[in-house]
Amino acid sequence: MLITHANLITWEDPNRILEDYAVYIENGLIAAIGPSREMETVYPAAEKVDARGQYVMPGSICAHTHFYGAFSRGMAIPGAPPKDFPEILSKLWWPLDKSLTLKDVRYSTLVCLIDAIRHGTTMLIDHHASPNAIDGSLDVIAGAVEQAGLRAVLCYEVTDRNGVDGAKAGIAENVRFIKQRSAIRDRRSGSQNNRVPTSDQQSTIHNPQSTIRAAFGLHASLTLSDASLDACRAAAPEGTGFHIHAAESDVDEWDSLAKSGLRVVDRLHKHGILGPHSILAHAVHIDAREIGLLAETGTWVTHQPRSNMNNAVGVAPVESMMRAGVKVCLGNDGFSNAMWEEWKAAYLVHKLWHRDPRRMSGLDVTRMAVYNNAALAEAFFPETAVGVIRPGAAADLIFVDYQPPTPLSAGNLPWHILFGFHESMVTTSMAAGKVLMKDRQLLTLDEKAIATRARKIATQVWQRYTEQG
Ligand SMILES: [Zn+2]
């Protein structure tokens with residue numbers, strides 16, 4: 001496929017904006033880029049997609065989300081409103097996740113994937129919970145992701161809150177799925193045989209790789225005993241990364257100190273959970289020593305400002321973490337898969353929190369949302385660069401119909417995104433070279449049919465949720 005007449009935003013470092021360029025895609029990868037006129041001569045037989053001067057850029061990456069939470073939209077919480085984070089868990093999320101069957105998990109996931117394709121998010125790192133439907137739940141999610149055609153990293157959250165058997169089932173689901181995905185990955189990379197010579201514009205061509213990978217999910221320090229953390233560490237296959245909430249609320253820190261005499265990050269370090277493949281979501285209440293440990297161990301942190309505001313848990317010390325060398329990424333914690341909305345929340349909330357308009361510049365947001373998210377994606381897809389336009393990178397691309405009313409350059413692009421880009425401007429989305437939405441028409445999922453079915457299922461989920469209360 002040859003995308004022509006595109007204004008390319010490459011998100012290389014440093015970023016480039018290339019006018020009237022073309023992108024040649026083969027086997028799910030960007031094989032070459034060049035001026036449209038030249039490329040049309042080089043690839044005369046290619047199927048052409050005319051971008052008509054739209055911005056063509058890498059799809060957004062979401063570093064932490066929860067597909068299982070989709071049915072919470074518009075759901076009433078019985079009784080007095082939750083007054084703090086522990087009550088938000090006990091009154092909303094825990095009875096909700098217990099209400100999910102495997103069928104509900106599938107539709108909850110599909111609803112989120114439609115939202116992602118529409119809003120230009122082409123890769124998501126999910127953290128799943130359905131305590132009454134654990135076994136096989138990651139296969140159900142993977143099936144939906146494959147049907148949608150997106151790129152994802154999946155895990156199941158192990159927790160003690162559903163008893164010993166619940167924790168064991170969670171561990172088993174992670175291990176089963178991790179082994180399954182690495183077997184698929186080995187099989188596909190073993191079949192790679194069509195290498196072609198490389199040049200400036202022509203990259204090595206691979207067979208399409210699986211777009212789904214696995215991590216080992218843990219809920220949070222506050223719902224995991226030392227024995228459970230050790231059991232997870234022992235069960236996790238070599239090289240596995242963990243994905244866990246950490247210090248989202250100060251309650252997590254106090255609980256950890258009471259349980260172990262250690263702060264959360266120290267406690268996770270003691271149990272072998274940190275490392276260059278592990279993700280800690282939130283890290284709102286960590287102290288200077290914990291920041292140092294995260295930097296030393298190369299552990300990833302994800303920032304979810306919309307969720308932090310909604311739960312009123314505080315604002316993570318993102319700038320301090322990045323200054324200390326911690327790799328901070330941007331997620332959405334189950335909010336809309338419209339990542340520029342998360343950019344805007346990050347840009348604004350740090351200014352208000354610190355009462356200083358110099359805080360969290362557009363460049364800091366870009367560091368998280370673009371470069372660090374792309375680096376995190378590569379930790380899970382090491383054979384393919386993701387989140388950048390260059391030969392050899394994954395063809396995960398979106399078209400944005402944006403008419404800048406002021407000059408737009410590689411240098412001021414972050415502020416155009418923060419003040420001018422909207423996800424409704426995304427007209428076309430593709431992942432691994434497959435077009436998922438073209439001119440705002442979804443090609444892989446039937447939005448109306450899924451929404452109709454999801455509304456019926458949501459009514460049943462809400463009923464079960466209310467009965468639990
Ligand atoms: Zn979360």
Side-chain angles (χ1 to χ4, degrees), residues 61-73 82 84-98 100 105 108-109 111-112 115-116 121 123-131 137-138 141 152-159 161 170 174 214-224 241-253 255 264-265 268 273 278-286 294 299-316 318 328-339 341-342 345-346 349 368-369 373 376:
I61 296 167
C62 173
H64 174 78
T65 196
H66 300 284
F67 296 149
Y68 78 81
F71 294 139
S72 65
R73 192 182 302 178
D84 54 22
F85 183 66
E87 283 199 6
I88 290 170
L89 293 177
S90 63
K91 290 188 170 190
L92 170 57
W93 296 114
W94 292 352
L96 176 62
D97 67 24
K98 281 192 192 134
L100 299 173
V105 169
S108 188
T109 302
V111 166
C112 293
D115 190 53
T121 300
M123 172 174 166
L124 304 106
I125 300 183
D126 187 60
H127 195 273
H128 177 63
S130 52
S137 58
L138 295 179
I141 297 173
V153 179
L154 309 179
C155 70
Y156 188 88
E157 63 146 67
V158 177
T159 175
R161 72 183 151 95
N174 279 302
F216 196 116
L218 303 169
H219 172 244
S221 172
L222 87 162
T223 67
L224 287 160
F242 293 92
H243 185 181
I244 181 171
H245 298 99
E248 178 171 3
S249 143
D250 58 349
V251 171
D252 201 19
E253 289 287 7
D255 172 88
V264 168
V265 175
L268 296 178
I273 303 301
S278 290
I279 303 170
L280 265 56
H282 300 297
V284 173
H285 293 278
I286 59 175
L294 293 170
T299 306
W300 303 87
V301 167
T302 69
H303 181 44
Q304 289 74 220
R306 286 185 293 178
S307 164
N308 295 159
M309 288 191 281
N310 189 47
N311 293 334
V313 291
V315 175
V318 169
V328 185
C329 301
L330 197 67
N332 67 22
D333 212 15
F335 270 69
S336 66
N337 292 311
M339 291 305 292
E341 290 189 15
E342 204 74 44
V349 73
M368 274 191 288
N373 275 16
L376 175 58

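Nothing fancy with the numbering, it's 1 onward along the sequence. In listed order, ligands and their atoms are each counted from 1. Given the structure is predicted, the values throughout are model-derived calculations rather than measurements.
- The aromatic rings of H64 and H127 sit tilted, their planes meeting at an angle between 30° and 60°.
- Taking the six-membered ring for Trp and thresholds of 30 and 60 degrees, H282 and H245 have nearly parallel ring planes, at less than 30 degrees apart.
- For K98, there are no salt bridge (Lys or Arg N to Asp or Glu O under 4.0 Å) partners two or more places apart in sequence or in a different chain.
- Qualifying salt bridge (Lys or Arg N to Asp or Glu O under 4.0 Å) partners for D97, counting only residues two or more places apart in sequence or in other chains: R161.
- Of the candidates T302, I244, I286, V328, I244 is the only one forming a side-chain contact (heavy atoms from CB on, under 4.5 Å) with L280.
- For E248, there are no salt bridge (Lys or Arg N to Asp or Glu O under 4.0 Å) partners, not counting sequence neighbours.
- Within the protein, the N, O or S atoms lying under 2.8 Å from the Zn ion (ligand 1) are H64 NE2, H66 NE2, H245 NE2, D333 OD1.
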